[in-house]
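As the structure is a prediction and not an experimental result, all values here were calculated from the model. Heavy atoms only: backbone and side chains are in, while hydrogens, waters and symmetry mates are out.
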Amino acid sequence: MTSLSKQQQVECREKADYANVNWDELGFALTKTDYMYVMKFTEEEQMFCNGTLTRFGNIQMCPSSGILNYGQGLFEGLKTYRKEDEGILLFRTEENALRMKVGADRMCMPSPTVDQFIDAVKKTVLANKRWVPPHGRGSLYIRPLLMGTGRNLEVKPSSEYTFLVYASPVGNGLKGVLNLMVEDNVHRATPGGTGGIKAVTNYSPIYKPLTEAKAKGFSDLLYLDALTGSNIEECSGCNIFILKGNVISTPTTHGTILPGITRKSIMEIASGFGYQVEERAIPIKEVFDAEEVFCTGTAMIVKSVASITYQGKRIEYKLGAETLAQKLHATLTGIQTGVIEDKLGWTMVID
């Protein structure tokens, strides 16, 4: 795909209307944008309908709502990117919609249809178009929420639900070196639980060990399976891969590991590169002799792991421009930003 010249890129940027943001200083934190999208499921209607755009701001709900009292809620995370010609691309939005439907079923919640989900995301992006960073300088992170918002004192599913989509510009991936510590006391998920969906209740229980690990200088925790305590699962908010020779391995998603959409995309790209990609149980001892380890997720995209520390033993891994992780990152972000032709049908232009 032919790239625009620097002069053409400047001309495109001059035509675009941008928010007053220092794009080069963006990290992964909330920047308030203009609008959010809200759609309700009521006891009377028994369906999601009449979604509207409203100014971004605080929301009101009953103190006895299901989300506040019993954690009946889900969220998704996806990004939209600006092309060199100022066009805007969504990436695999249907996958997020389908994952929310699976999560909603597990949490005994109704969910928007796939078309409603995609339409809500499109409208949110277009309403906040000026907050989509210039090409190559970040993305607009989109956060759909599904919440039980009906009054509910009893332990039971809510009678009313709210689907809300907001957005915030973010920088290119997560900054800093990724040094992991294996957590062998606290488990992120257990069989039969909700580890395989994006339930809001999955995250705060690991804040304590994660905070303690960061105080020791680690970036994140790598969790082990709850049954045997011997197989790696995932980190606090990302999936993990190990490379040995021509084989890339990642833990199987058996209900305790989130089936990441970046994870799925990277597996397909790596297979196209000629690598053998395996989903299987990975004993912690196998990370000791891996040639390369990397993590994937919406926020970080693809990031090499510099080290893993387990029971006082630190293992370091290959970093730099020649790593497979860098090659995968360049290919995936190239597709997401329109620099590389999308032959897989993953992107959607909106305008």
Pair Lys40, Asn50 - check side chain to side chain contact (heavy atoms under 4.5 Å, CB included), show working. CA-CA 7 Å; Lys40 301 279 190 176; Asn50 302 322; over 6 Å; no
Please say whether more than 12 non-hydrogen atoms of neighbouring residues, nucleotides or ligands are located less than 6.0 Å from CD in Gln46.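 Atom CD in Gln46 is packed in, count exceeds 12.
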State, without any angle test, whether [X] and [Y] hold a side-chain donor-acceptor pair at a distance under 3.5 Å.
| X | Y | value |
| --- | --- | --- |
| Ser249 | Arg280 | yes |
| Tyr203 | Lys198 | yes |
| Ser158 | Asn152 | no |

Heavy-atom closest contact (Glu279 atom, Arg263 atom, distance):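 Distance-wise, the nearest heavy atoms are OE1-NH2, 2.6 Å.
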For Gly148 and Tyr161, work out which heavy atoms get closest and say how close.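 Closest approach of Gly148 to Tyr161: CA-CD2, 3.5 Å.
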Glu212 vs Lys216, salt bridge (Lys or Arg N to Asp or Glu O under 4.0 Å): CA-CA, chis, key distance, verdict: CA-CA 7 Å; Glu212 292 171 350; Lys216 297 175 183 176; over 6 Å; no
Check the pair Met107 / Leu146 against side chain to side chain contact (heavy atoms under 4.5 Å, CB included), numbers first and verdict last. CA-CA 10 Å; Met107 298 289 282; Leu146 181 60; over 6 Å; no
Take Tyr317 and Thr323, measure what side chain to side chain contact (heavy atoms under 4.5 Å, CB included) needs, and give me the verdict at the end. CA-CA 10 Å; Tyr317 303 99; Thr323 59; over 6 Å; no
Anything under 30° is parallel, anything over 60° is perpendicular, the rest tilted; go ahead and classify Trp23 against Tyr18.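 Judged by the thresholds at 30° and 60°, the geometry between Trp23 and Tyr18 is perpendicular.
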Whether Phe163 and Phe117 hold their rings parallel, tilted or perpendicular, with breakpoints at 30° and 60°: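 Rings of Phe163 and Phe117: tilted, 30 to 60°.
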Does some side-chain heavy atom of Ile240 sit less than 4.5 Å from a side-chain heavy atom of Val293?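 Counting from C-beta outward, Val293 and Ile240 do come under 4.5 Å.
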